[in-house]
Amino acid sequence: PCPQPVAAGVWLSQPSERTEMASRSAVAVAAPVLTLKVLTYNIAGHTALLNSQHLAAIARLIAAEHADVVGLQEVHRGTWQSRFRDQASEVARQTGMEIFYGPSFKALGGEFGNAVLVRGRILDGEVVPLPSFGEPRSLLRAAVEVDGFALDVFVTHLTAWGNLNRQRRTVQATAMCPCTVPSIWC
């Protein structure tokens with residue numbers, strides 16, 4: 001089952017068949033509840049070229065929010081726009097969170113892509129290329145564990161430019177299904 005949009009930037013995944021079968025069972029079992037604070041942030045990594053404090057300010061905001069999971073878009077690693085820094089690793093170090101980074105494309109010795117930060121552990125991850133025209137796009141999937149709960153976190157940055165790429169974004173969103181449950185989409 002694919003996630004359904006419930007508000008701008010928020011997607012709700014449908015319960016799995018296993019969950020539905022469990023809810024129909026004769027014995028009621030209270031399921032543990034996990035409350036997470038999730039942030040998604042387009043860090044506009046190229047801004048670091050003009051503002052050397054750009055990443056530190058982002059890390060301070062994430063730390064101040066006490067986020068459990070953070071999806072990051074437009075993350076640079078070794079590009080001239082980032083002053084050849086590894087932005088994903090820097091933000092992880094400054095927040096004390098675990099990181100999984102996935103490039104959408106590589107150019108001139110650097111990379112550009114998405115990342116997930118987690119207050120917990122990264123268990124596994126992969127980068128899935130999305131159908132793109134112009135700047136390549138990807139979907140990052142990270143299996144994470146927070147407070148003993150395992151879940152998948154998906155981070156992407158779909159094609160931009162408003163009406164010009166509306167159809168391409170629809171194709172990209174369709175390519176992201178099927179998904180796993182439980183999951184968070186950023």
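Values below: every heavy atom of this structure, side chains too, minus hydrogens, waters and symmetry copies. Everything quoted here is computed from the prediction, not taken from an experiment.
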Can you check whether D147 reaches L36 side chain to side chain, under 4.5 Å on heavy atoms?
no

Do the side chains of V144 and V127 join up, straight or via other hydrophobic residues, at under 4.5 Å, putting them in one cluster?
no

Residues L140 and G102: closest non-hydrogen pair is CD1-N, 3.3 Å

Determine, using the 4.5 Å side-chain heavy-atom cutoff (strictly less than), whether L72 and L39 are members of one ILVMFWY cluster.
yes

For R77 against S89, the heavy-atom pair lying closest together:
NH2-OG, 4.1 Å

Looking at CD of E145 and CG of L151, how far apart are the two atoms once the value is rounded to the nearest 0.5 Å?
9.5 Å

Which atoms form the tightest heavy-atom contact between I99 and A88, and what is the distance?
CD1-O, 3.8 Å

Residue pair V116 / A142: nearest heavy atoms and the distance that separates them
CG1-CB, 3.4 Å

Sole candidate of T40, N114, N42, T156 that passes side-chain hydrogen bond (donor to acceptor under 3.5 Å, both in side chains) when paired with Q73:
T40

How many angstroms lie between CD in E74 and CD in Q87, if you round to the nearest 0.5 Å?
10.0 Å

To the nearest 0.5 Å, how far apart are CD in E126 and CZ in F100?
8.0 Å

In short, Y41 meets L61 closest at the heavy-atom pair CE1-CD2, 3.2 Å

Which residues pass the side-chain contact (heavy atoms from CB on, under 4.5 Å) test with R85, sequence neighbours left out?
L55, R83, E90

CE (M97) and CZ (R119) are apart, to the nearest 0.5 Å, by 7.5 Å

Where do R141 and D124 come nearest, in terms of heavy atoms and distance?
NH2-OD2, 3.0 Å

To the nearest 0.5 angstrom, please state how far the CG atom of D68 sits from the CG atom of L117.
11.5 Å

In terms of hydrophobic clusters joined by side-chain contacts under 4.5 Å, are V128 and L123 together?
no

Do the rings of F112 and F105 sit parallel, tilted or perpendicular, given the 30° and 60° boundaries?
tilted

What pairs of residues pass the salt bridge (charged side-chain N to carboxylate O under 4.0 Å, His left out) test when at least one of them lies in residues 33-47, not counting sequence neighbours?
K37-E65

Are any non-hydrogen side-chain atoms of I62 and V91 less than 4.5 angstrom apart?
yes

